Amino acid sequence: MGSLGCIKVTQAIKQQSLVYGVSSVLVRCFLGHVMKIASLEDRLSDYGSGGYYLLEIFVLELLRLEANANNQELHIESGRIHAPLDAFAPRGVGDIQTPLSVEVVSVLSPNRLRKIIELHRALKKSESEGLLIVTLRQMAKESRYIEKIIESSRIDVYIWDQAQLQLLIDKHKEAAEKILENLFSIRLKMAVSGSPDDWEKKRDDIISDVVDKFRNGRISLFLGAGVSSSAGLPNWDTLLNRLFVSMLTESDQNVDGAENENINSIVRRLRQIDGPSTLTLARYIRKGMSSGLSSERSKFIDSVTKQLYGLRDRRFSLNSDLIREIVSLCTPMRSGAKVRGVVTYNFDDLLERVLEEREIAHRSIFEEEDLADPEELPLYHVHGFLPENRSEYPNLDRSTLVFSEEGYHQIYRDAYHWSNLIQLNWLKETSCLMIGLSLTDPNLRRLLEISTKSVDKPRHFAFMKRMGYDEFAKKGTSTLVKAPAQMVRKFLDRHHNLNEEVLRELGVSIIWYKHYDEIPGLLKLIRKSV
């Protein structure tokens, strides 16, 4: 088949009983033929968890070089946050001269191969379309199973391993060097070039992936403040402001409207002057309201609990549409429970109340020693637990309340803190559906980065709000942004695409929504699809 040796799977497997990892082979390629630096892997490691994606882009661009050299085309999916397959070559690549779908994988295992073949079979445009799989690392030891899977698929499947990549690098030395020098800009261009009109279609594809994982019982839920806000509980900023007022006035009592407005105006001005972050402000409040004495700590917790539930907007039902749909997802079906566990960053017990009403067995876990029974749904309060009625839960004093800066520092310092281990375990063992989270928490992002190592495709999902032009550029009848509408919309599209790319590095696919009340409907769609 020519010097590049496009090897059909049976021959490829027989020839690669000893296959080196991508770093050793590609580094030797670049050391010997293209680059005079320590290693490709070292160069890409500066990008952290994004290093793998840069390597994937390098391979795709290398394939494009080969296709173009043979008067062929390779269409790399723009904004490939959740594209079914990585690229399409309508006239093949190199010596393969039939239409090809292309997928780049880190490791080719039997399970991964089955999924790729299923996708290819569902999406292929013609019966003659083949499948090219480029594996970046050592093929799984179950080579004979891989061979049987492909033989039974009745599809032309080609596997290119590191040997074929080396031949491509040798053939396109100068061009490969230019690709490597410009990888970051290439990736940036790919990130911002996605079509602004197809985000809803992408969302449908992502929801389908969530449904598949939910059906197979591989989902856990990660819940943030947005869930509690749906039931009228105050957001973090409102809670801090009220505690700030409580601290400065030395009173937890309600004040009349005029006095409350006066106090709020003072608080707003103090925050403008000091400009602290929410975490440092929380530390300031805790210091002002509590010393190290256990009696004062107890008063501080009582004050936070009182304000948390006392500030609830009564126009909202405790049993909100969102909480109700979350509980419905957690309700076991005939085939068993589909949600394996819940990790919540909220202090409140609103979810527990609805689970209790539905008579769903569950356990609230807020300390290291506690464990859920097999028939119970575990609810991990990893930032602490402040139920409205504390008498219903023993040992609450053992809960680590991550309320302010020092609470975060405690968890950062202790890599084996139970809350870190719980989050990391669910991130590594399940696909996490994140609801009501902004994903700005530095510790969660750190744990996501750790769990994403050696993972070549996002496996977690996060609901995120997609900002429209009017919301961004206007306030009522006033125009906030003095720029042409077309320019603003283009900027927002690129902004959203870049956010997708950033979270992809952390192993997360974004499920966009325009309005917050869309989320319950999307959760219901997931549940009803099983």
Side-chain angles (χ1 to χ4, degrees), residues 81-84 111 114-115 118-119 121-123 198-224 226-231 316-344 346 350-362 375-379 426-427 429-437 439 457-466 500 503 508-530:
I81 303 305
H82 200 79
N111 286 337
R114 288 190 190 96
K115 290 181 179 179
E118 287 173 8
L119 272 174
R121 184 177 284 113
L123 299 172
D198 65 355
W199 68 268
E200 289 179 301
K201 175 61 173 67
K202 286 183 181 179
R203 184 177 71 180
D204 292 342
D205 293 338
I206 297 172
I207 291 291
S208 295
D209 199 2
V210 177
V211 168
D212 179 62
K213 291 177 170 55
F214 179 68
R215 180 182 293 113
N216 291 294
R218 300 200 306 270
I219 285 284
S220 63
L221 304 181
F222 275 46
L223 309 181
V227 174
S228 300
S229 296
S230 73
F316 294 84
S317 169
L318 282 172
N319 190 0
S320 69
D321 290 344
L322 180 56
I323 292 177
R324 190 163 57 247
E325 280 305 325
I326 289 172
V327 171
S328 294
L329 278 179
C330 295
T331 304
M333 299 181 177
R334 290 181 180 177
S335 55
K338 301 302 180 182
V339 172
R340 293 174 57 181
V342 176
V343 173
T344 177
N346 300 327
L350 300 188
L351 191 61
E352 279 88 348
R353 298 185 197 186
V354 181
L355 287 167
E356 193 70 35
E357 289 176 5
R358 299 272 190 94
E359 298 183 345
I360 298 173
H362 64 279
E375 70 277 6
E376 293 177 323
L377 173 73
L379 274 69
W426 290 107
L427 288 170
E429 298 298 325
T430 67
S431 288
C432 303
L433 182 59
M434 301 175 182
I435 309 169
L437 283 167
L439 289 180
K457 296 290 180 184
R459 65 180 180 190
H460 306 306
F461 312 91
F463 286 98
M464 302 287 284
K465 190 175 189 308
R466 192 176 183 93
E500 289 180 341
L503 285 182
V508 179
S509 293
I510 295 179
I511 304 173
W512 291 113
Y513 62 88
K514 286 185 176 180
H515 305 288
Y516 197 76
D517 56 10
E518 292 178 60
I519 300 179
L522 293 171
L523 294 179
K524 185 175 183 179
L525 176 64
I526 292 169
R527 177 170 56 86
K528 291 290 188 179
S529 298
V530 174

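Remember, predicted model here, so these are calculated numbers, not experimental data. These numbers come from the heavy atoms of this one structure, side chains and all, not from hydrogens, waters or symmetry mates.
You'll find the side chain of Trp512 reaches within 4.5 Å of the side chain of Glu500, heavy atoms only. Counting heavy atoms from C-beta outward, Thr344 and Val227 have side chains that stay 4.5 Å or more apart.
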Practice prompt. Would you check, one step at a time, whether the test side chain to side chain contact (heavy atoms under 4.5 Å, CB included) holds for Val508 with Leu439?
Written response: CA-CA 10 Å; Val508 179; Leu439 289 180; 4.2 Å; yes

Worksheet item: Do Leu355 and Leu379 pass the side chain to side chain contact (heavy atoms under 4.5 Å, CB included) test, and can you show the C-alpha distance, the side-chain angles, and the key distance before you say yes or no?
Response: CA-CA 11 Å; Leu355 287 167; Leu379 274 69; 3.8 Å; yes

Fill in: Ile360 vs Val327, side chain to side chain contact (heavy atoms under 4.5 Å, CB included): CA-CA, chis, key distance, verdict
CA-CA 9 Å; Ile360 298 173; Val327 171; 3.7 Å; yes

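Within a 6.0 Å radius of NZ in Lys465, more than 12 heavy atoms belonging to other residues, nucleotides or ligands are found. A 6.0 Å sphere centred on CD of Glu359 holds no more than 12 heavy atoms belonging to other residues, nucleotides or ligands. Other residues, nucleotides and ligands contribute at most 12 non-hydrogen atoms within 6.0 Å of the CD atom of Glu356.
Note that CG of Leu318 and CG of Leu351 are 12.0 Å apart. Values are rounded to the nearest 0.5 Å. The structure places OG of Ser230 at 10.0 Å from CD1 of Ile435, a figure rounded to the nearest 0.5 Å. From Arg203, atom CZ reaches atom CZ of Phe461 across 14.5 Å, with rounding to the nearest 0.5 Å.
For the pair Ser431 and Arg459, the tightest heavy-atom approach, listed with the atom from each and the gap, is OG-O, 2.9 Å. Closest of all the heavy-atom pairs between Ser220 and Trp426 is CB-CE3, 3.8 Å.
Using a 4.0 Å cut-off between a side-chain N of Lys or Arg and a carboxylate O of Asp or Glu, Arg466 and Glu518 do not qualify as a salt bridge. Between Asp321 and Arg324, at least one side-chain nitrogen of the basic residue sits less than 4.0 Å from a carboxylate oxygen of the acidic one, meeting the salt-bridge criterion.
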